[in-house]
Amino acid sequence: MSALTSRDVLRPGPKGFKAVVQRLVFALMPSFFTFLRRWKPVMKLGNNYLTSRYDDVREVFATDPAFGVVYKPHLDVIMGGQPFFLGMGDTPQYRHDTDAMRKVVRPDDLPVLAARTQAQAAEIVAGANGKIDVVDTLVRRVTFTMLGEYLGVPEPKDGDLRVWATRLFEFQFADQGNDPALRAEVDEIAPALRAHIQSEIERRRADPGPDDVLSRCLALQKAGDPAYSDDFIRTSLMGFIVGGPPQPPMVVPQAMEQLLRRPPALAAAQAAARADDDDRLRAYVMEAMRFDPLAPGLPRVALTDWTLGTGTSHASTIPAGAQVLAAFASAMMDPRRVANPRVFDPNRPASDYMHFGFGLHECFGRHINHATLHLMLKPLLAQPNLRRAPGKAGKLVKNGPFAERLVVAYG
């Protein structure tokens with residue numbers, strides 16, 4: 001089956017010994033980070049460096065003149081060579097492009113998005129007959145529907161936006177080995193998604209339709225604002241679709257798994273859901289995500305020689321051209337800055353969290369995530385007798401960095 005018509009959101013995972021090794025690596029990662037924070041805070045592996053302490057991770061994220069993003073080569077493949085601000089440094093074009101998109105992705109949209117998220121999640125939970133896969137049936141459906149409608153990117157004809165976006169997300173953010181099979185799928189999907197969005201731009205230019213990000217871009221284009229060329233609109237929407245909706249189906253089920261492991265925390269989160277205390281519910285979900293965040297870390301490249309941790313006993317000079325992995329998963333467990341990090345504490349200060357990065361390239365959608373992620377679980381948490389499904393289905397299964405299945409029962 002062509003990648004364009006596939007309905008398999010995730011590619012087949014590793015089997016046999018390779019699968020065992022992969023599970024072992026993920027299982028041992030927290031202990032490995034504990035060792036590194038104590039004994040080797042900046043570890044060199046060839047021309048790659050791994051930094052694990054809170055202060056060092058923030059220093060990498062906050063020092064854009066020294067540590068640039070590495071996303072441009074893969075973004076060029078996805079975007080057909082058109083620039084997208086995720087791949088830029090702190091340049092005038094970066095500021096121009098992000099400012100332009102902030103005109104159409106507005107803070108006053110958040111209450112509407114939150115209401116849509118909760119309503120859709122409630123409808124799905126109510127129709128699931130007491131048993132549901134949190135990954136695909138709940139979170140993935142809610143996310144792609146909510147963000148697709150908000151951005152103005154519908155399902156492609158004869159294609160599946162969930163598949164297309166997730167394949168491109170994997171290529172952009174997880175394909176460190178440059179897998180040729182994945183690249184072959186990307187070479188089919190990327191031009192098809194560009195054509196799909198361009199077709200939608202042209203259709204909506206003639207018939208503006210509902211108020212969404214695309215219609216706002218086209219209104220500004222029609223008013224003569226030169227920022228909103230077709231290339232800019234298409235590339236921005238594509239960047240948001242690839243970088244946005246594939247992430248909640250990864251991290252929200254992982255948060256659910258962490259709550260299921262902690263009955264007192266689960267009971268408190270359920271009480272918050274039933275009491276419509278959304279701020280309290282958000283605090284529980286954010287804290288649960290700290291124990292299994294989206295990824296171990298984010299990559300950067302040293303743009304100049306830079307001494308990381310200056311003034312500390314582990315100060316290390318990272319040479320220009322070296323790759324750096326800023327392990328924010330480790331940083332959020334660093335007892336030097338995070339009090340009692342092994343304790344589940346929903347009352348933590350916001351500074352303890354780096355779920356959405358930090359600094360110039362902090363996630364553009366962080367406010368949408370802040371407004372909606374916990375509401376994807378709210379109707380489920382409000383159900384009576386919420387529990388894992390029997391057998392293997394009731395435990396979170398991962399396929400590489402992606403959550404694949406977690407089935408729960410209720411009622």
Side-chain angles (χ1 to χ4, degrees), residues 9-10 109-128 130-151 161-162 165-166 169 240-241 243-261 265-266 268-294 346 353 355-356 363 365-383 386-389 394 396-398 402-410:
V9 176
L10 302 182
D109 294 334
L110 296 178
V112 175
L113 292 178
R116 288 179 183 173
T117 297
Q118 182 172 328
Q120 191 187 4
E123 182 180 347
I124 292 171
V125 170
K131 187 176 181 181
I132 193 168
D133 174 16
V134 181
V135 179
D136 192 65
T137 307
L138 179 58
V139 179
R140 187 170 284 131
R141 280 179 61 189
V142 170
T143 305
F144 274 90
T145 301
M146 182 266 290
L147 288 179
E149 290 176 353
Y150 176 59
L151 296 172
L161 197 58
R162 303 170 311 152
T166 304
F169 178 92
F240 290 167
I241 283 291
Q247 296 190 51
M250 300 166 69
V251 73
V252 174
Q254 291 170 191
M256 187 69 215
E257 167 68 27
Q258 294 299 320
L259 291 172
L260 288 166
R261 293 180 185 183
L266 176 63
Q270 289 186 275
R274 291 165 184 154
D276 274 331
D277 189 343
D278 292 341
D279 289 340
R280 191 65 176 159
L281 176 59
R282 180 191 298 109
Y284 275 90
V285 173
M286 292 288 285
E287 176 68 354
M289 287 166 53
R290 190 174 65 87
F291 288 86
D292 193 1
L294 182 69
Y353 299 120
H355 291 305
F356 310 122
C363 176
R366 62 189 182 282
H367 297 301
I368 295 176
N369 290 334
H370 191 261
T372 62
L373 292 186
H374 57 297
L375 299 180
M376 297 178 190
L377 292 179
K378 182 179 177 181
L380 181 61
L381 289 168
Q383 296 300 311
L386 180 65
R387 60 199 184 277
R388 295 183 189 273
L396 179 69
V397 174
K398 287 189 177 181
F402 297 96
E404 187 166 40
R405 186 184 71 249
L406 172 62
V407 181
V408 298
Y410 47 90

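For this chain, numbers begin at 1 and follow the sequence in order. Since the model is a prediction, treat every value here as computed from it, not as a measurement.
Annotation: side chain of Val134 is in contact with side chain of Leu377 (closest heavy-atom distance under 4.5 Å). A 4.5 Å side-chain heavy-atom check between Phe144 and Pro246 finds at least one atom pair inside the cut-off.
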For this session: Determine, stepwise, if the pair Met256 / Val252 fulfils side chain to side chain contact (heavy atoms under 4.5 Å, CB included).
Result: CA-CA 6 Å; Met256 187 69 215; Val252 174; 5.9 Å; no

Problem set entry | Arg162 and Asp136: CA distance, side-chain angles, deciding distance, side chain to side chain contact (heavy atoms under 4.5 Å, CB included) verdict | CA-CA 10 Å; Arg162 303 170 311 152; Asp136 192 65; 3.2 Å; yes

For this session: Go through Leu110 and Ile368 one step at a time and tell me if the side chain to side chain contact (heavy atoms under 4.5 Å, CB included) criterion holds.
Result: CA-CA 6 Å; Leu110 296 178; Ile368 295 176; 3.9 Å; yes

Problem set entry | Evaluation steps, side chain to side chain contact (heavy atoms under 4.5 Å, CB included), between Val112 and Tyr150 | CA-CA 10 Å; Val112 175; Tyr150 176 59; over 6 Å; no

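Note that CZ of Arg274 and CD of Gln383 are 8.5 Å apart. Values are rounded to the nearest 0.5 Å. Taking CG of Leu406 as the start and CD of Gln254 as the end, the distance is 10.0 Å to the nearest 0.5 Å. Annotation: the span from Leu138 atom CG to Asp133 atom CG amounts to 8.5 Å, rounded to 0.5 Å. Once rounded to the nearest 0.5 Å, the distance linking CE of Met146 with OG1 of Thr372 reads 4.0 Å. Going from atom CD of Gln247 over to atom CZ of Phe169 covers 4.5 Å, rounded to the nearest 0.5 Å. Note that OG1 of Thr117 is 7.5 Å distant from CG of Leu147, once rounded to the nearest 0.5 Å.
In plain terms, the two heavy atoms of Lys378 and Asp278 that are nearest each other are NZ-OD1, 2.8 Å. Here the shortest heavy-atom pairing between Leu259 and Tyr284 reads CD2-O, 4.4 Å. What you find for Ala403 and Pro253 is that their closest heavy atoms are CB-CB, 4.3 Å. Annotation for Val251 and Asp292: closest pair CG2-O, 4.1 Å, computed over non-hydrogen atoms. Across all their heavy atoms, Ala269 and Leu281 have their closest contact at O-CD1, 3.7 Å. Tyr353 approaches Met286 most closely through the heavy-atom pair CE2-O, 3.8 Å.
For Arg290, the side chain to side chain donor-acceptor pair (under 3.5 Å) partners are Glu287, not counting sequence neighbours. Take Glu257 and apply the side chain to side chain donor-acceptor pair (under 3.5 Å) test, not counting sequence neighbours, and it matches Arg261, Arg388. In terms of the salt bridge (Lys or Arg N to Asp or Glu O under 4.0 Å) criterion, Arg280 has no residue partners (sequence neighbours excluded).
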